[in-house]
Undergrad: 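Structure provided below as structure tokens; questions to follow.
The basis for the numbers below is simple: all heavy atoms, side chains too, and nothing from hydrogens, waters or symmetry mates.
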Amino acid sequence: MLRSLYLKTVRDRWVSALIGVGSLFLIAWMVLAVYGGLDSEAIDVFESLPPAYLSLIGIPADSGSAGLAMSMLFNFIGPFVIAGIAVSMGAAAIAGEEREGTMNLLATVPRSRSRILRSKTAGVLTIVVGITLISWLSYLAAIAITGSDTGSLNLFAATVQVGAVAILYGAVALAIGAWTGNQALASGVAVAFIVVSFLGAGLLPLIDGWADWAKIFPWYYISGSQPLNNGVDWTQVAGLLGIAIILFVLAWWGFNRRDLQSGGARAPMLERLRSNPHLAKAFALLSGSGSVRSIASRAFTDLRALMVIAGFGVLFMGFVVGVMFPSISDSVGGLVDSMPESVLAMVGFADFSTATGWYFGEMLTILAPLAVSVVAISAGVALAGEEKNRTIGVLLGTPTSRNKVTRGKVLAVILGSVVVGFATFAGIALGNLAASLDMSYWNIAAAGLLLAGLGMVLGAAAFLGGALTGKTSVALGSGVGLAVLGWGMNSFLPINPDLANWAKISPFYYYSGENPLEEGMNWGHMGVLVAIAAVLTLIGVLAYNRRDLRG
């Protein structure tokens, strides 16, 4: 598969992509099995759901509890995983080659820049389209294995909508990477765009007169036309793909008009931004140009762009979510009150009528874990990145031991997780203060600390995958796989009382099994998270010290 740049791009990424899709299959199988194991009384509740609620979540009336389960997969975790893979590939397509110093090699062979960009883009599209279709097939397999009845649920239509949105997010990362040559900036901005889109599409319809503004966000088109119920909206799909084509043209233009980097140089446009006295400090913070005083400082500054974007994102959204609550609390509370308690328990809804439940549902269940996952897993992958980039030989050729290298990388995982945890605390605290929500600041601090503990576990899983194999795809897949599967287990297993205790094997249980904004700090849970991270890290260090390194 080294006979063409296109095939090499596919070869380098298919393992981590399949791990992500495999996690989705396990979640689908688990969720359908959990719902299928509910007693007849619970099934009757699902069958008696009001038509207005079925319309709200976009499933046909004859799909039953299995339809509710699949709507969660298509509207929440599935798009996050597929769009995340698309962003990762889009950011690495051009900027990744420049960051690793391999762009010079590509540019010196008889191959034009336009051809390089076409080959890379084709590789990205192949992986994204492939994993989207495989995810659809995996859902069908999970339905067949569990014997679930989804009625007239149109899974293929929802798959097409998710795929089109994921391609658009990947195109955003590709365009930014092609224009700047900065992989961290491209992935950070694209991930931030995903999160803002998710929140905008979900929150704006709750505000009177703002519903139509949700349509400016790509996430809206995952379920806005209710594809599970109504089929594919080809006009929306064409519009999304049309914007992606425009972004590709912009990527081509930017890629062909600038000087390329070779392992760390900055593009002229970025240098001009650096030289501007008003922007220099802010841009230096985002760019992540690293200190080399120690392994730890270099690892930390390599991670800085993602930390700043993720940290500022959760801080800003924490403030906004709090300020929004007083204006929508009455309407949200009415929606919650209209649903049976058994349904709310089974689908894992927080009590959105209270400030602590609102924050827990909007910030702590998806947004904050996503932010800390991106930062911590990226830090954990960095150890394998030294082997992929062939810098480990130079690094260990100096008076530096393997233990010192691993300590530096682990410290970056810890610090990155703590930074996002603190930003989450600061954002919720500011929202609490501005909106006079009267939440306990100690409990808010507990939520931030538990989030940091979760990040350490996910980063340690990526670190272990990289330490065992030296492959960034395995490292990334290990971290993302644990994040996706752990989230699914903690979200869905408690729905069935017979399986609820199995959720305790997920690290997410110890992070959010209890709402820390209501219950405060559970030091036992924090201790479990730290212990898991320590064990994974220790195994990784021992394996790394005993393995022949690659590159």
Undergrad: Does the Asn443 side chain pair with the main chain of Leu517, one donor and one acceptor, at a distance under 3.5 Å?
TA: yes
Undergrad: Can you tell me how far the CD1 atom of Ile176 sits from the CG atom of Leu250, to the nearest 0.5 Å?
TA: 11.0 Å
Undergrad: Checking the side chain of Trp213 only, and the main-chain atoms of Ala201 only, is there a donor and an acceptor separated by less than 3.5 Å?
TA: no
Undergrad: Under the side-chain contact (heavy atoms from CB on, under 4.5 Å) rule, what do Leu451 and Leu364 come out as? Steps first, then yes or no, please.
TA: CA-CA 8 Å; Leu451 180 67; Leu364 298 183; 5.7 Å; no
Undergrad: Taking ring pair (Phe, Tyr, Trp, His ring centres under 6.0 Å) as the test, write out the residues that go with Phe198, two or more places apart.
TA: Phe80, Trp219
Undergrad: Could you pull out the closest heavy-atom pair between Tyr510 and Leu450, with the gap in Å?
TA: O-CD2, 3.8 Å
Undergrad: What is the minimum heavy-atom distance between Val323 and Ala434, and which atoms define it?
TA: CG2-CB, 4.2 Å
Undergrad: Hey, does Val480 have a side-chain heavy atom less than 4.5 Å from the side chain of Ile377?
TA: yes
Undergrad: Are any side-chain N or O atoms of Ser506 and backbone N or O atoms of Gly486, one a donor and one an acceptor, separated by less than 3.5 Å?
TA: yes
Undergrad: Do you know which two heavy atoms are closest between Ser417 and Ala452, and how far apart they sit?
TA: CB-O, 3.4 Å
Undergrad: Using side-chain contact (heavy atoms from CB on, under 4.5 Å), reason through Ile428 and Met439 one step at a time and then give a plain yes or no.
TA: CA-CA 9 Å; Ile428 298 177; Met439 294 191 300; 3.7 Å; yes
Undergrad: If you round to the nearest 0.5 Å, how far is CD1 of Ile131 from CE of Met89?
TA: 8.5 Å
Undergrad: State yes or no: are the ring centers of Phe74 and Tyr139 separated by less than 6.0 Å?
TA: yes
Undergrad: Set out, in order, the CA-CA distance, both residues' side-chain angles and the distance that settles side-chain contact (heavy atoms from CB on, under 4.5 Å) for Val195 and Val314, then state yes or no.
TA: CA-CA 9 Å; Val195 173; Val314 293; over 6 Å; no
Undergrad: Looking only at atom types and distance, does a side-chain atom of Asn490 sit under 3.5 Å from a main-chain N or O of Ser512, one as donor and one as acceptor?
TA: no
Undergrad: Got a second to check how far Phe508's CZ is from Leu458's CG, nearest 0.5 Å?
TA: 5.5 Å
Undergrad: Are the side chains of Asn154 and Asn229 in contact, using a 4.5 Å heavy-atom criterion?
TA: no
Undergrad: Considering residues at least two apart in sequence or located in another chain, which fulfil the ring pair (Phe, Tyr, Trp, His ring centres under 6.0 Å) criterion with Phe25?
TA: none
Undergrad: Got Tyr359 and Leu437 here, is their nearest side-chain heavy-atom distance under 4.5 Å?
TA: yes
Undergrad: Take Leu536 and Ile532 through the test side-chain contact (heavy atoms from CB on, under 4.5 Å) and record every step on the way to the result.
TA: CA-CA 6 Å; Leu536 294 177; Ile532 294 173; 4.0 Å; yes
Undergrad: Would you say Glu514's side chain and Asn522's backbone share a donor-acceptor pair under 3.5 angstrom?
TA: no
Undergrad: Out of curiosity, Tyr221 OH to Thr235 OG1, how far, rounded to the nearest 0.5 Å?
TA: 11.0 Å
Undergrad: Can you find a pair of side-chain heavy atoms, one from Leu315 and one from Thr424, that are under 4.5 Å apart?
TA: no
Undergrad: Any donor-acceptor pair under 3.5 Å linking the side chain of Tyr169 with the backbone of Ala86?
TA: no
Undergrad: Do His525 and Val528 have side chains that get closer than 4.5 Å, going by heavy atoms?
TA: no
Undergrad: Keeping the roles fixed (side chain from Ser187, backbone from Gln183), state whether a donor-acceptor pair exists under 3.5 Å.
TA: yes
Undergrad: Under a 3.5 Å distance rule, please check whether Trp358 uses its side chain to pair with a backbone N or O of Met363 as donor and acceptor.
TA: no
Undergrad: Do Val418 and Met456 come within less than 4.5 Å of each other through their side chains, counting heavy atoms only?
TA: yes
Undergrad: Taking all non-hydrogen atoms of both residues into account, name the closest pair between Ala376 and Val413 and its distance.
TA: O-CG2, 4.1 Å
Undergrad: According to side chain to side chain donor-acceptor pair (under 3.5 Å), who are the partners of Ser373, at least two apart in sequence or on a separate chain?
TA: none
Undergrad: So, taking the atom named CZ in Phe360 and the one named CD in Glu518, what distance separates them when rounded to the nearest 0.5 Å?
TA: 8.5 Å
Undergrad: When you measure from the side chain of Ser223 to the backbone of Gln226, do you find a donor-acceptor pair of N or O atoms at a distance under 3.5 Å?
TA: no
Undergrad: Between the side chain of Gln161 and the main-chain N/O of Pro227, is any donor-acceptor distance below 3.5 Å?
TA: no
Undergrad: Is any side-chain heavy atom of Trp487 closer than 4.5 Å to a side-chain heavy atom of Pro369?
TA: no
Undergrad: Given side chains that start at C-beta, do those of Ile82 and Thr132 come closer than 4.5 Å, heavy atoms only?
TA: yes
Undergrad: For Ala251 versus Ala175, what's the shortest heavy-atom pair and its separation?
TA: CB-CA, 3.7 Å
Undergrad: Within this structure, what is the CE-CZ distance for the pair Met307 and Phe312, rounded to the nearest 0.5 Å?
TA: 16.0 Å
Undergrad: Where do Ala173 and Ala186 come nearest, in terms of heavy atoms and distance?
TA: O-CB, 3.5 Å
